[in-house]
Every structure is written in C-alpha cells, then in structure tokens.
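Each remark here refers to the structure printed beneath this line.
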Amino acid sequence: MKFFVDTADVAAIKELNDLGMVDGVTTNPSLILKAGRDIIEVTKEICDMVSGPVSAEVVATEAKAMIAEGMKLAKIAPNIAIKVPLTWDGLTACKAFASEGHMVNVTLCFSPAQAILAAKAGASFISPFIGRLDDIHLEGVNLIEDIRIIYDNYDFKTQILAASIRSVNHIVDCAKIGADVITAPPAVIKAMAQHVLTDKGLEIFLKDWAKTGQKIL
Ligand code: G3P
C-alpha cells in the first residue's frame with residue numbers, strides 16, 4: 001500500500017518524507033488555501049522534495065479550460081498528476097491528458113459507477129472520498145470495496161487512491177480491502193503509531209529500569 005500525504009504543508013511533508021513514509025502527495029484548492037501559498041510555487045517545492053506523484057487540481061469547470069489549466073500545472077514537474085473532478089467535463093479532460101501521457105487523478109468520486117467511467121477515461125488514480133460519505137451516514141469504505149471488486153473483474157489499471165481519510169481505522173480498512181494508495185493528513189498518518197498499551201508498557205519498563213540503578217550510556 002502506498003502512502004500519499006494529503007496536504008500542501010511543506011514542513012509536514014518533509015518530516016514524513018525523511019522517514020520514507022511518503023510515496024506521493026495530494027493537494028486540492030482547500031489545502032492550497034490552508035497553506036496560504038501560491039499554487040505554482042508550493043507545488044514546485046513539493047515536487048522537488050518528493051519523487052512520487054504530486055496531485056495538483058484544476059479549478060475550471062469546462063473541459064477546454066480544464067485542459068489549459070492542467071497543461072500549465074503539468075509543466076511544474078514531470079511527477080505532477082493532474083487532478084480533475086469527476087464530472088463529464090473532468091472525464092473529457094482526463095482522456096485528453098491521459099492521451100498525452102500525463103498522470104491524472106480523478107477526484108470527488110462517490111460511486112462505483114463514477115469509478116468505472118474514470119477508468120475508461122484513462123485515469124491513473126481514482127479518488128473515492130470515504131469521510132464525506134461517512135458524513136452523510138453512508139459506509140465510505142464500502143465504496144472502496146466495490147471499486148476494488150469492479151477494477152479486479154476487468155483488470156482496470158487505474159489505482160484506487162482512498163481519500164477523505166479521517167482516522168487510523170479508515171487506513172486499516174483500506175489496507176484490508178486492498179486499496180492501492182491512501183492519502184491522509186499528516187496527523188492521521190502519525191496517529192498510526194499510537195497505542196495506549198504501548199504508552200503504558202513503556203511507562204512500566206522505564207519505572208522498573210530506574211529501580212535497577214543502571215545506565216546504558
Ligand atoms: O483528498 C481529499 C481530501 O482532502 C478531502 O478530505 O476530510 O476534506 O473530506 P476531507
């Protein structure tokens with residue numbers, strides 16, 4: 001399973017990247033807003049740091065304008081994955097980018113039917129949003145499961161990039177289902193290391209060690 005970091009916070013990406021935890025990065029207009037940086041500048045900085053795919057999203061809603069924006073974003077670096085929304089125009093742009101050999105991440109996927117269309121349009125990645133389905137009382141991980149079955153049935157090459165990840169359980173569920181990639185905020189990736197019994201066990205070991213009166217160094 002590949003780990004993408006869902007942020008445009010360069011310092012947070014660097015911290016995880018130095019540990020070998022980053023296979024790619026995803027950004028979106030909301031994350032660019034949060035970072036408070038110029039999209040071209042910050043995306044270039046991320047692409048220089050991370051060798052895997054870095055998703056940069058178009059904001060036009062009409063195919064022709066999406067294609068123009070995507071081509072500009074693709075010029076930032078060779079590891080750019082152009083991100084387009086799962087609309088008919090987005091699929092049109094996806095096909096155009098894929099035909100030119102660009103990586104495309106089709107985002108805002110909320111149904112298996114949409115995922116089939118993205119695969120047919122040549123997407124490198126499909127981004128189903130788990131958390132936002134949970135928000136409306138649906139089971140987000142079921143969508144990952146459905147897409148996995150469908151893509152495997154037909155050997156579609158599009159990678160399932162589970163997005164809108166809000167918890168460690170989301171990541172573990174995606175791993176069990178066989179999502180190709182998860183993209184999660186840095187805090188959720190770091191939370192994977194936490195366990196109450198690890199903390200408690202360490203506390204006991206350190207107390208006992210103090211009683212021995214010994215030192216290693
Ligand atoms: O990758 C998509 C992600 O940024 C959306 O997450 O938590 O805003 O639904 P969220």
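The shown structure was predicted, so the numbers you read here are calculated from the model rather than taken from an experiment. In each ligand, atom 1 is the first atom listed, and ligand 1 is the first ligand listed. Residue indices begin at 1 and follow the sequence shown.
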Worksheet, complete the sentence: If we number the atoms of ligand 1 from 1 as shown, the ones under 4.0 Å from a heavy atom of F129 are 2 (C), 5 (C)
Discussion item. In the structure I gave you, are the side-chain heavy atoms of F97 and V84 within less than 4.5 Å of one another anywhere?
Written reply: yes
Worksheet item: For ligand 1, which part of T107 has a heavy atom less than 4.0 Å away: the side chain, the backbone, both, or neither?
Response: neither
Worksheet item: Quick one: does T26 get a heavy atom under 4.0 Å from ligand 1?
Response: no
Discussion item. Evaluate T183 for polar contact with ligand 1, using N/O atom pairs at a separation under 3.5 Å.
Written reply: no
Discussion item. Heavy atom to atom 5 (C) of ligand 1, shortest distance: which of R132, K83, R166 holds it?
Written reply: R132
Worksheet entry | Salt-bridge present (R148, D180; N to O < 4.0 Å) | yes
Fill in: Residue, atom name and distance, where the atom is the protein heavy atom closest to atom 6 (O) of ligand 1
S164 CA, 3.4 Å
Discussion item. Out of all atoms in ligand 1, which are within 4.0 Å of some heavy atom of A163? Include the element for each.
Written reply: 1 (O), 2 (C)
Worksheet item: If you measure from CZ on F4 to CD on Q159, what distance do you get to the nearest 0.5 Å?
Response: 6.5 Å
Worksheet item: Are M71 and H102 close enough that some pair of their side-chain heavy atoms sits under 4.5 Å apart?
Response: yes
Worksheet, complete the sentence: Separation between CD1 (I39) and CG (L33), nearest 0.5 Å, reads 11.5 Å
Practice prompt. Could you name the option among I130, D6, T27 that has the heavy atom nearest to atom 1 (O) of ligand 1?
Written response: D6
Response to the item:
Interatomic distance, CD1@I46 vs OG1@T27, rounded to 0.5 Å, equals 6.0 Å
